[in-house]
Amino acid sequence: MDRLPRAFYRRDTLAVARDLLGQRLVRVSKGVRVAGRIVEVEAYDGARDSASHAHRGPTERNASMFGPPGHAYIYFIYGMHHCFNVVTEPEGHGAAVLVRSLEPVEGIEGMRARRGGREGRALANGPAKLCYALAIDRTLDGADLVEGEVLWIEREEAVPEERVARGPRVGVRGDEWAVRVPWRFWIEGNPYVSKES
DNA sequence: CTCTCGATGCGCT
DNA sequence: GCGCATCGAGAGA
């Protein structure tokens, strides 16, 4: 299957977020391939977005967000979880798309083992859950999704406009505009989305 | 089903 | 010190 090319990621963050729906996130760990269909994402655009980790400019932690597009930005949160993002826009911009939920497609037994025997939608219906299911952690921060051999995204059929839902992002606090802006995208009615509404 | 709360590391002020 | 782009257990309805 074809991987999404660099040019896919080097676009407006909202367009990348919307177009990531339906695409296949692939992880190869210890020679085993695991994959899921992206069913829920959120856009974070540093320049104008107080909720983005890039809002206050580059630091050691968020360096990947300011690097070239098509790489992973992975951060550690709440002292125990990881979240996976895709870097967007031209290098230096500081924006990314958080992948929030996957519909498991390949290697489901392996996901189940890493998720303590859980099944179905519980395997990857949340940003930290999918990182456990796909064995994603900070060692993959900065990984190249276009040229790399451990993590990438393959082209699938686009989700039609009438199946794309949007709304406010989950877990964002503080600045009122950032709390309300509808930069969360998901596939309408898909049972693997973290939460409806 | 819904709600509350504790866990736990670390970057930022 | 504070607070975080979260999760899962436990309680109650």
Side-chain angles (χ1 to χ4, degrees), chain A residues 9 12-14 16-18 20-21 25 36 38-67 69 71-89 93-104 111-143 145 151 153 165-187 189 191-197:
Chain A
Y9 302 103
D12 177 83
T13 304
L14 294 178
V16 175
R18 183 253 177 269
L20 277 173
L21 292 177
L25 177 60
I38 297 172
V39 299
E40 179 186 0
V41 298
E42 286 175 358
Y44 288 87
D45 191 356
R48 50 183 171 147
D49 180 4
S50 68
S52 170
H53 291 169
H55 182 61
R56 296 170 195 273
T59 65
E60 189 170 355
R61 180 203 196 198
N62 66 21
S64 298
M65 281 184 92
F66 290 88
H71 287 244
Y73 167 50
I74 296 161
Y75 62 88
F76 186 59
I77 192 68
Y78 293 114
M80 60 189 85
H81 304 307
H82 296 277
C83 292
F84 166 73
N85 300 250
V86 171
V87 177
T88 61
E89 310 268 358
H93 184 100
V97 175
L98 171 70
V99 178
R100 283 195 57 89
S101 297
L102 298 177
E103 176 178 339
M111 293 190 200
R112 185 180 297 169
R114 284 190 284 258
R115 291 283 295 130
R118 291 182 174 78
E119 303 184 39
R121 60 192 303 276
L123 286 175
N125 66 335
K129 296 178 191 178
L130 72 87
C131 285
Y132 290 115
L134 268 56
I136 292 172
D137 62 28
R138 270 178 299 183
T139 65
L140 296 177
D141 182 37
L145 306 177
L151 190 61
I153 301 176
R166 5 177 354 169
R169 295 171 293 185
V170 176
V172 170
R173 276 160 273 203
D175 180 75
E176 189 182 351
W177 179 87
V179 168
R180 298 165 73 104
V181 70
W183 284 1
R184 174 180 178 232
F185 298 81
W186 67 95
I187 299 177
Y192 295 90
V193 168
S194 66
K195 55 181 86 168
E196 291 290 334
S197 96

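Just so you know, these numbers come straight off a predicted model, no measurement behind them. Sequence lines set the chain letters: A, B, ... in the order given, protein chains first and strands last, and positions in each chain run from 1.
Here the closest heavy-atom approach between residue A:Val193 and residue A:Arg184 is recorded as CG1-NH2, 3.6 Å. Annotation for A:Ser64 and A:Ala72: closest pair CB-O, 3.6 Å, computed over non-hydrogen atoms. Between A:His81 and A:Tyr132, the closest heavy-atom pair is ND1-OH, 3.1 Å. Looking at every heavy atom in both residues, A:Asn85 comes nearest to A:Cys83 through ND2-O, 3.8 Å. Between A:Leu20 and A:Val97, the shortest heavy-atom distance links the atoms CD1-CG1, 3.8 Å.
Scanning DNA chain B 5' to 3' for nucleotides with an atom closer than 4.0 angstrom to a non-hydrogen atom of chain A gives a first and last hit of B:dA7 to B:dT13.
Pairs passing the salt bridge (charged side-chain N to carboxylate O under 4.0 Å, His left out) check and including a residue from residues 113-126 of chain A, sequence neighbours excluded, read A:Arg112-A:Glu119.
Scanning residues 73-87 of chain A for heavy-atom distances under 4.0 Å to DNA chain C yields A:Tyr75, A:Ile77, A:Tyr78, A:His81, A:Asn85. The stretch residues 54-62 of chain A touches DNA chain B through A:Arg56, A:Thr59, A:Arg61, each having a heavy atom within less than 4.0 Å of the strand. Heavy-atom distances under 4.0 Å link DNA chain C to A:Gly126, A:Pro127, A:Ala128, A:Lys129 of residues 122-130 of chain A, given in residue order.
A donor-acceptor contact shorter than 3.5 Å links the side chain of A:Glu42 to the backbone of A:Val170. No donor-acceptor pair under 3.5 Å is formed between the side chain of A:Glu89 and the backbone N or O of A:Gly94. Side-chain atoms of A:Ser101 come within 3.5 Å of backbone atoms of A:Ser194 as a donor-acceptor pair (strictly under, hydrogens ignored). The backbone N or O of A:Tyr192 lies less than 3.5 Å from no partner atom in the side chain of A:Asn125, so there is not a single donor-acceptor pair.
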Considering only nitrogen or oxygen atoms on both sides, find all protein atoms under 3.5 Å from nucleotides 9-12 of chain C and state each distance.
residue : atom : partner  : partner atom : Å
C:dA9   : OP1  : A:Arg118 : NH2          : 3.3

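With rounding to whole Å, A:Glu42 atom CD is found 15 Å from C:dC4 atom P. Atom C1' of nucleotide C:dA5 and atom CZ of A:Phe185 are separated by 15 Å, given to the nearest angstrom. Between A:Arg173 atom CZ and C:dC4 atom C1' the separation is 7 Å, expressed in whole Å.
A cation-pi arrangement is absent between A:Arg18 and A:Phe185 under the rule of less than 6.0 angstrom and at most 45 degrees off the ring axis.
Take A:Pro58 and apply the side-chain contact (heavy atoms from CB on, under 4.5 Å) test, not counting sequence neighbours, and it matches A:Asn62, A:Phe66. Partners of A:Arg48 by side-chain contact (heavy atoms from CB on, under 4.5 Å), not counting sequence neighbours, listed by chain and number: A:Asp12, A:Leu14, A:Asp45, A:Trp183. Under the ring-ring contact (aromatic ring centres under 6.0 Å, His included) criterion, A:His55 pairs with no residue, sequence neighbours left out. Listed by chain and number, the residues in a side-chain contact (heavy atoms from CB on, under 4.5 Å) with A:Ala51 are A:Tyr44, A:Asp49, A:Arg169, A:Val172, A:Ala178 (sequence neighbours excluded). Scanning for ring-ring contact (aromatic ring centres under 6.0 Å, His included) contacts around A:Tyr75 gives A:His53, A:Tyr73, with sequence neighbours left out.
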Could you walk me through whether A:Leu134 and A:Phe84 pass side chain to side chain contact (heavy atoms under 4.5 Å, CB included), step by step? CA-CA 10 Å; A:Leu134 268 56; A:Phe84 166 73; over 6 Å; no
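Here CD1 of A:Ile74 is found 7.5 Å from OG1 of A:Thr139. Values are rounded to the nearest 0.5 Å.
Between C:dG8 and A:Arg115, a contact under 4.0 Å exists linking OP1 or OP2 to a side-chain N or O.
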For DNA chain C, the expected dot-bracket line (Watson-Crick or G-U under 3.5 Å, [ ] crossing, | inter-strand) is ||||.|||||||.
